[in-house]
Amino acid sequence: MHINDPKLVAAIGALGVEYKQNISLAEKTSLGIGGTSDLLIIRKHESLPELVRLLKDSQVPYRFLGGGSNVLLPDGELPWTILQLARQDPDVRFEGNSAWVDCAADLGRTVTRCAKQNLGGMEGLIGVPGTVGGALRMNAGAYGTQIGSYVREVLVFRAATGKIETLRGAEINFEYRHTSFAPGDIMLSVRLELPSKPYSEILQGIRICNEKRRASQPLNQKSAGCIFKNPPGGSAGRMIDELGLKGHSVGDARVSDRHANFFVNAGHATAADMLALIADVRNRVHERYGIELEEEVIVWKES
Ligand SMILES: Cc1cc2nc3c(=O)[nH]c(=O)nc-3n(C[C@H](O)[C@H](O)[C@H](O)COP(=O)(O)OP(=O)(O)OC[C@H]3O[C@@H](n4cnc5c(N)ncnc54)[C@H](O)[C@@H]3O)c2cc1C
């Protein structure tokens, strides 16, 4: 959505928020799909409550984007203005076994920076693209690790109160690719508590996870990781594979030949292509197995 009111643009600028007009969001997502919108980049966390108040008063709908590696955005002009956090420098600081990490920080880089401090536990998350904030929202996990296990405190802008508050880890539910944060909450920074481990041991764990990923995932193609969550006790990828759907496509949206739960943009796929492929695969799985697959990728729709 475009902000057309010059007074609002000036007020946003006065908060130190960067205003970028008419940005192609396909370039900001790992799927390479998405239309255009204005983008507001938040440099200082303290400006967020006032920014949200201004947008609400001007009836400008907004959505928050992290690293764009788990979202499917619509085509055309988006009905929201997009908010993003600017990277901070430094974006992580250490205190004993605690790492205070800014939510705009890259997750993989955070894992390696913690490793260099002999802080381990998160080796499994090494190849998960995106930001620490996105990982918190999704409770990102892989190879038996999930970020929620290490969360002790989160600084969060709460949509309900319009204020920045600190939540204790124990107040947050972290489940399989789901958390109890409210939909409008924006996570700003987090304290992770990590077990001490020698760097060399962590590095070995990281290498093993990287190799497993390279062997099984289409890492040189545009995707959002797994499209569907695994149903309890089952594997979405295995069911899709058993149906012979690897390579199945709608337009340029295609089920990966390498991993059946990864749907890739093989060229110029649109959101409509990807949604049609998701619906088709879901129907086929339901017909054969009687299981309704739930999306893991966050599909941005008008609510
Ligand atoms: C090749 C590949 C491999 C992947 N492998 C894995 C894997 O092994 N395990 C796994 O769990 N995921 C995996 N993913 C998915 C994805 O990387 C994770 O879900 C990641 O944590 C998303 O982070 P992001 O910053 O890109 O979030 P985005 O895609 O930008 O956003 C996802 C959702 O989180 C919200 N959000 C983002 N940041 C914040 C914030 N600071 N505050 C509030 N809400 C926020 C957004 O509004 C959106 O609804 C993979 C993706 C790819 C492309």
Side-chain angles (χ1 to χ4, degrees), residues 25 28-34 39 41-42 45 48 52 62-73 78 80 82-88 91 101-111 122-149 151 154-159 164 167 172 174-190 209-210 212-214 216-230 236-237 256 258-259 261-265 295-301 303:
L25 290 157
K28 301 219 166 267
T29 68
S30 58
L31 264 174
I33 294 176
L39 178 66
I41 300 177
I42 300 147
H45 295 166
L48 195 47
V52 166
Y62 64 89
R63 289 265 168 117
F64 188 88
L65 186 68
S69 67
N70 202 47
V71 282
L72 173 55
L73 307 188
L78 270 58
W80 319 276
I82 309 302
L83 309 189
Q84 233 178 3
L85 292 175
R87 291 245 167 97
Q88 305 291 314
D91 53 13
V101 192
D102 190 83
C103 281
D106 179 81
L107 179 65
R109 283 229 312 272
T110 302
V111 173
M122 297 200 294
E123 293 85 327
L125 299 178
I126 189 66
V128 179
T131 62
V132 167
L136 286 179
R137 163 71 69 190
M138 300 303 305
N139 189 19
Y143 307 119
T145 307
Q146 53 171 27
I147 193 165
S149 311
V151 172
V154 183
L155 191 69
V156 53
F157 168 78
R158 307 228 77 180
I164 294 175
L167 290 182
I172 308 160
F174 289 99
E175 292 160 27
Y176 170 54
R177 299 302 99 79
H178 180 77
T179 53
S180 58
F181 293 109
D185 286 350
I186 297 178
M187 285 65 94
L188 301 171
S189 62
V190 58
C209 293
N210 273 337
K212 282 189 193 163
R213 224 171 247 283
R214 271 197 294 270
S216 62
Q217 298 181 1
L219 298 182
N220 57 354
Q221 284 184 292
K222 293 178 182 171
S223 82
C226 288
I227 282 285
F228 296 112
K229 293 183 186 180
N230 287 322
S256 160
R258 216 174 156 82
H259 190 312
N261 199 15
F262 275 55
F263 292 11
V264 300
N265 174 359
E295 285 138 20
E296 178 169 329
V297 66
I298 309 284
V299 179
W300 281 16
K301 299 179 196 133
S303 48

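Start at 1 and go down the list; that is how both ligands and their atoms are numbered. Nothing here was measured: the structure is a model prediction, and the numbers come from that model.
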Within the protein, flag every N or O under 3.5 Å from an N or O of ligand 1, and note the pair and distance.
| unit_1 | atom_1 | unit_2 | atom_2 | d |
| --- | --- | --- | --- | --- |
| ligand 1 | 5 (N) | Arg213 | NH1 | 3.1 |
| ligand 1 | 8 (O) | Arg213 | NH1 | 3.4 |
| ligand 1 | 8 (O) | Arg213 | NH2 | 2.8 |
| ligand 1 | 9 (N) | Gly141 | O | 2.7 |
| ligand 1 | 11 (O) | Gly141 | N | 3.0 |
| ligand 1 | 11 (O) | Gly141 | O | 3.4 |
| ligand 1 | 11 (O) | Arg177 | NE | 3.4 |
| ligand 1 | 17 (O) | Ser69 | OG | 2.8 |
| ligand 1 | 17 (O) | Pro129 | O | 2.9 |
| ligand 1 | 21 (O) | Ala135 | N | 3.4 |
| ligand 1 | 25 (O) | Gly67 | N | 2.7 |
| ligand 1 | 25 (O) | Thr131 | N | 2.8 |
| ligand 1 | 25 (O) | Thr131 | OG1 | 2.7 |
| ligand 1 | 26 (O) | Gly67 | N | 3.4 |
| ligand 1 | 26 (O) | Gly68 | N | 3.1 |
| ligand 1 | 26 (O) | Ser69 | N | 2.8 |
| ligand 1 | 26 (O) | Ser69 | OG | 2.7 |
| ligand 1 | 29 (O) | Ser69 | N | 3.1 |
| ligand 1 | 29 (O) | Asn70 | N | 2.8 |
| ligand 1 | 30 (O) | Gly66 | N | 2.8 |
| ligand 1 | 30 (O) | Gly67 | N | 3.2 |
| ligand 1 | 30 (O) | Gly68 | N | 2.8 |
| ligand 1 | 38 (N) | Gly134 | N | 3.3 |
| ligand 1 | 41 (N) | Met187 | O | 3.0 |
| ligand 1 | 42 (N) | Met187 | N | 2.9 |
| ligand 1 | 44 (N) | Arg137 | NE | 3.3 |
| ligand 1 | 47 (O) | Phe64 | O | 2.6 |

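- No donor-acceptor distance shorter than 3.5 angstrom exists from the side chain of Asp102 to the backbone of Arg87, with no hydrogens or angles considered.
- A search for salt bridge (Lys or Arg N to Asp or Glu O under 4.0 Å) contacts involving Lys212 returns nothing, not counting sequence neighbours.
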| said: Is there a side-chain contact (heavy atoms from CB on, under 4.5 Å) between Asn70 and Arg177? Walk through the geometry before answering. | reply: CA-CA 11 Å; Asn70 202 47; Arg177 299 302 99 79; over 6 Å; no

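- Taking Asn230 as the reference, nothing meets the side-chain hydrogen bond (donor to acceptor under 3.5 Å, both in side chains) condition, with sequence neighbours excluded.
- Residues passing the side-chain hydrogen bond (donor to acceptor under 3.5 Å, both in side chains) test with Asn265, sequence neighbours excluded: none.
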| request: Evaluate side-chain contact (heavy atoms from CB on, under 4.5 Å) for Arg158 paired with Leu167, printing each intermediate quantity in order. | output: CA-CA 10 Å; Arg158 307 228 77 180; Leu167 290 182; 3.7 Å; yes

